[in-house]
Colleague: 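Quick one: structure below, then a few questions.
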Amino acid sequence: MSTKRNVATGGEALAGVRRATVTRLRPKARARTAEPVTPPHTTALEPEFLRDSYGSTAFAEVIDRMLHASIARFTAGLAPMTLISAYADWAAHLAAAPGKQLLLTEKAAHKWLRLTNYAVRRALVKGGSPACIEPLPQDKRFATAEWRRPPYDLQYQSFLLAQQWWHNATTGVGGVSLQHEQMVAFGTRQWLDMFSPSNYLLTNPEVLERTYAEAGMNLVRGARHFAEDVERAWAGRKRVGTDAFRVGHEVAVTPGKVIYRNRLIELIQYAPATDEVHPEPVLIVPAWIMKYYILDLSPHNSLVRYLTEQGYTVFMISWKNPGPDDRDLAMEDYRQLGVMAALDAVGATVPERKVHAVGYCIGGTLLAIASAAMARDGDARLATTTFFAAQTDFTEAGELKLFVNESQLAFLEDVMWSQGFLDSRQMAGTFQLLRSNDLVWSRMVRTYLMGDREPMTDLNAWNADATRMPYRQHSEYLRRLFLDNDLAEGRFPAAGRPVALSDIRTPLFAVGTETDHVAPWRSVYKFHGLTDAEVTFLLTSGGHNAGIVSEPGHARRRYRVATKRHDDRHVDPDRWLEIAVSKEGSWWPEWIAWLGARSGAPVAPPRIGAPHAGYAPLADAPGSYVLEE
């Protein structure tokens, strides 16, 4: 019995290797001939025993994949080979650039003289001396008055000067590829941030003052926080405070029913909040990288509740959290079982009405693919399309693109191959690196040295409720969209044929956020050049998530908006920023007005579900998929 099980397991492993190999090579295969190619070292006349066996080839690949998956546990899913090659490229070109070396030597001497001059003037001149270097506007580590007193002023000034010198050293080296230069600069900045004087007890005056004032009790609290966090991490539990925001109790509480379920989605129809509604329903396609209820957080900042209160019938896709059995789900499955299946259910529930489709983040990318395919096939069910922080051209995808190259993707595919999905913790680690000062070091100082727990908010609790990515789908997403940019260049397939975003003709509303580190607003702005539709582009303050969750009454919110008709001349993003009028407040009413201008006169609300068409209510919102860990 055990022998048979082992043989079966080995067969499944080899089959998995074959599927993974095909998936990995498929994007490149389109440029090659379809004719089978015989390797040059073999011939059809060779005896069977002299040919390379498939089993040995597969076994070799299994060993490599298992090694890479083991390494990934210590590197948060990042490929060390990628960084090694980037630093080797930089170091080799710097070694062959004596002029750059002389320039860096001069800059080091100049910065040392600046620091020495500052220290002397600080000691001798009454009233001190102005700083020789100021932090960047977004760097708040040294903002308090305690850092202006000696010797802490010299510490942070020398750190900032060193940080500036390393930026000069890692950029502008002739011959280094652009991606390698950006990776080296990014990696060096991460190392420098680790050694910032703000991160340590004896070099942070704010922590020292708190320690003196509290007789060290802040450190006791910090040690208790650290032990609690380590215990939760080892046990796989969520962060402290998330228990106060339970799905279906404190968050995701807008009334509704699940009216459809398949292996990938649950579709929620929300109860009407007005006596009459606009005839066109709203279908929201959230990202599967996050749980849908970011758009239905607490009642006061729920976009879903706001839409229903403005007289819209709202449907929401809730994605299943994939497990090992879902490893072979593809992007086409997400289109067919997700967007298209949801549109069928909406059409049965609200018949003979066009739909306002909304996509968030990569849910917006999927909606763009589906919209282009529908336009190609003559499917006219969409009234408008709206995209929240969604990209369709990935050439300017920000620092996240540093983690997407052939080496990194091959490594990541081996990680996903070993477990069938990309773990949420590996994904979260990558996003934290993009804002390590805010999300890692500052939080550690505040929690473990100052002894203060940051109050948990509904948005932070949602952020801790992460999801997984299925192996095949995530590999296709990263390769075909991020690496090869197939969607923007007209190669991405839907139903076996490529789609073109230029086929989209429905009015389009796109939202970018000013400080987005996932979908930079200039990347979102590319909708202008990729579609032939009327494009209304809105740029709001905030980041990728907080900029979207921007309810009326939210303090310090502003936005800019402008519309480009399909026959208007193109305006580049920098020029757009100059001419678009800035407005104060939430952008939600602006979008509602845009939807209203493209909606019909109010009618009586539709029924919940369509039992006669097979869409009977199955459960109360928020459903069961969103509760899966």
Colleague: Fit a plane to each ring of Phe394 and Phe482, take the angle between them on a 0 to 90° scale, and name the class: parallel (under 30°), tilted (30 to 60°) or perpendicular (over 60°).
Modeller: tilted

Colleague: Give the intermediate values and the outcome of salt bridge (charged side-chain N to carboxylate O under 4.0 Å, His left out) for residues Arg558 and Glu514.
Modeller: CA-CA 10 Å; Arg558 65 184 183 281; Glu514 291 179 349; 2.8 Å; yes

Colleague: Taking side-chain contact (heavy atoms from CB on, under 4.5 Å) as the definition, give me every residue that meets it alongside Arg148, ordered by chain and number, with sequence neighbours left out.
Modeller: Tyr156

Colleague: Under the side-chain contact (heavy atoms from CB on, under 4.5 Å) test, which residues partner Ile133, sequence neighbours left out?
Modeller: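 With sequence neighbours excluded, Ile133 shows a side-chain contact (heavy atoms from CB on, under 4.5 Å) to Arg114, Gln157, Leu160, Leu161, Gln164, given in chain and number order.
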
Colleague: Between Trp90 and Tyr87, how do the two ring planes meet: parallel, tilted or perpendicular, split at 30° and 60°?
Modeller: perpendicular

Colleague: Between Asp574 and Arg522, is the closest basic N to carboxylate O distance under 4.0 Å?
Modeller: yes

Colleague: Quick one: do Glu146 and Arg210 make a salt bridge, cutoff under 4.0 Å?
Modeller: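 Arg210 and Glu146: not salt-bridged.
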
Colleague: Answer yes or no: are there more than 12 heavy-atom neighbours, outside Arg149 itself, under 6.0 Å from its atom CZ?
Modeller: yes

Colleague: Does any donor atom in the side chain of Glu206 or Trp147 lie under 3.5 Å from an acceptor atom in the other side chain?
Modeller: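 Glu206 vs Trp147: donor-acceptor pair found between side chains.
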
Colleague: Report the C-alpha distance between Met183 and Asp89 in whole Å, list the side-chain angles of each, state the deciding distance to 0.1 Å, and finish with yes or no for side chain to side chain contact (heavy atoms under 4.5 Å, CB included).
Modeller: CA-CA 11 Å; Met183 291 183 68; Asp89 186 13; over 6 Å; no

Colleague: Assess the side chains of Asn545 and Tyr360: does a donor N or O sit below 3.5 Å from an acceptor N or O?
Modeller: yes

Colleague: Mind checking what makes side chain to side chain donor-acceptor pair (under 3.5 Å) contact with Ser177, not counting sequence neighbours?
Modeller: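 Ser177: side chain to side chain donor-acceptor pair (under 3.5 Å) contacts with His180.
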
Colleague: Going by atom types only, do Thr211 and Asn218 share a side-chain donor-acceptor pair under 3.5 Å?
Modeller: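 The answer is yes; a qualifying pair exists.
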
Colleague: State plainly whether the residues Glu454 and Arg443 are in salt-bridge range, i.e. N to O under 4.0 Å.
Modeller: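 Between Arg443 and Glu454 there is no salt bridge, as every charged N stays at least 4.0 Å from the carboxylate O atoms.
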
Colleague: When you compare the side chain of Leu487 with that of Val499, does any pair of heavy atoms fall below 4.5 Å?
Modeller: yes

Colleague: Which atom names give the shortest non-hydrogen contact between Ser541 and Arg556, and what distance separates them?
Modeller: OG-O, 3.8 Å

Colleague: Taking only Lys NZ, Arg NE, NH1 and NH2, and the carboxylate oxygens of Asp or Glu, determine whether Arg122 and Asp153 approach each other closer than 4.0 Å.
Modeller: yes

Colleague: Hey, are the side chains of Cys361 and His544 touching, using non-hydrogen atoms and a 4.5 Å cut-off?
Modeller: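 Side-chain contact under 4.5 Å: yes.
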
Colleague: Determine the interplanar angle of the Trp191 and Phe195 rings, folded into 0 to 90°, and report it as parallel if under 30°, tilted if 30 to 60°, perpendicular if over 60°.
Modeller: parallel

